[in-house]
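The next block holds one structure in the form of C-alpha cells; read it before the comments.
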Amino acid sequence: MSEQITRTEDTTDGIDSITWTITDEQGIASELIAHTSGLILSVDTRPDRQYEGLAREIFEHADAEHGLYHVPVWGRTHEGNRWADAVGGDTMDDQQACDILGLDLDVVTGAFFAA
C-alpha cells in the first residue's frame, strides 16, 4: 500500500532540515528528518505502524527526490545501524558529517583519547 509522503523544510535543533512524513488518521505514522545536505538526522515510526515498510518507503522517496546520506556508524544507534544496512544507500564522509553536526572528528573517532 502506497502512502502519501509530504515534505517540509524547517530548522531542527538549530540545523536546517527537511522532514518527510507519512500521516494517517492518528497523526504522523513515520518521519525522516535530514539536513539540507541530505545527511539523515533521524528516522522514527510510530510503534503501531512499525514493520510495515513505512521508513523504507520514506527513505526511498526522499533519496530519489533529494539524495540522502546515512550518518557514519559512530553516529548511529544499534537500531539505526541495522536499518541503514537494510535499506542501503550512501554514507556521508566522517569529516563532512562532523562539520554538519558541529562535532570534533578526533573526539568522535577516539583519536583525541588515543594521543
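Worth knowing before you read on, the calculation uses all heavy atoms, side chains too, and leaves out hydrogens, waters and symmetry mates. Heads up: numbering here begins at 1 and tracks the sequence.
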Only one of L105, V107, T109 passes side-chain contact (heavy atoms from CB on, under 4.5 Å) with C98, and that residue is L105
Residues pairing under side chain to side chain donor-acceptor pair (under 3.5 Å) where one sits in residues 82-92, two or more places apart or in two chains, turn out to be R76-T91
Rounded to the nearest 0.5 Å, the CD1 atom of I28 sits from the CG atom of L54 at a distance of 12.5 Å
In this structure, CG of D94 is separated from CG of L103 (nearest 0.5 Å) by 11.0 Å
Write out all pairs satisfying salt bridge (charged side-chain N to carboxylate O under 4.0 Å, His left out) with one or both partners inside residues 35-48, taking only residues at least two apart or from two chains.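 Counting only pairs at least two positions apart or across chains, the salt bridge (charged side-chain N to carboxylate O under 4.0 Å, His left out) contacts touching residues 35-48 are D24-R46, R46-D48.
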Pairs of donor and acceptor atoms involving the side chains of residues 31-43, under 3.5 Å and at least two apart or interchain, shall be tabulated with distances.
unit_1: H35; atom_1: ND1; unit_2: S37; atom_2: N; d: 2.9
unit_1: H35; atom_1: ND1; unit_2: S37; atom_2: OG; d: 2.8
unit_1: S37; atom_1: OG; unit_2: L39; atom_2: N; d: 3.4

Can you see which heavy atom on R56 is nearest to which on A86, and at what distance?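 Closest heavy-atom pair between R56 and A86: NH2-O, 3.1 Å.
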Any side-chain heavy atom of [X] within less than 4.5 Å of one from [Y]?
X	Y	result
I100	Y69	no
R7	H66	yes
F59	S30	no
V108	L101	no

Query - Single-linkage hydrophobic cluster, 4.5 Å side-chain cutoff, V73 and M92 together - result: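 Not linked; separate clusters.
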Self-check item: Cluster link I58 to V87, ILVMFWY, side chain under 4.5 Å
Solution: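 Yes; tracing contacts between hydrophobic side chains, which count when under 4.5 Å, links both residues.
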task: Kindly write out the residues that satisfy salt bridge (charged side-chain N to carboxylate O under 4.0 Å, His left out) with E25, not counting sequence neighbours, or none if the list is empty.
output: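 Here no residue qualifies.
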Sorted by chain and number, sequence neighbours left out, side chain to side chain contact (heavy atoms under 4.5 Å, CB included) with Q50 holds for T45
Please table the atom pairs, donor to acceptor, closer than 3.5 Å between any side-chain atom in residues 12-22 and protein atoms at least two apart or in another chain.
unit_1: T12; atom_1: OG1; unit_2: S17; atom_2: OG; d: 2.7
unit_1: S17; atom_1: OG; unit_2: D10; atom_2: O; d: 3.4
unit_1: W20; atom_1: NE1; unit_2: E65; atom_2: OE2; d: 3.0
unit_1: T21; atom_1: OG1; unit_2: T6; atom_2: OG1; d: 2.7

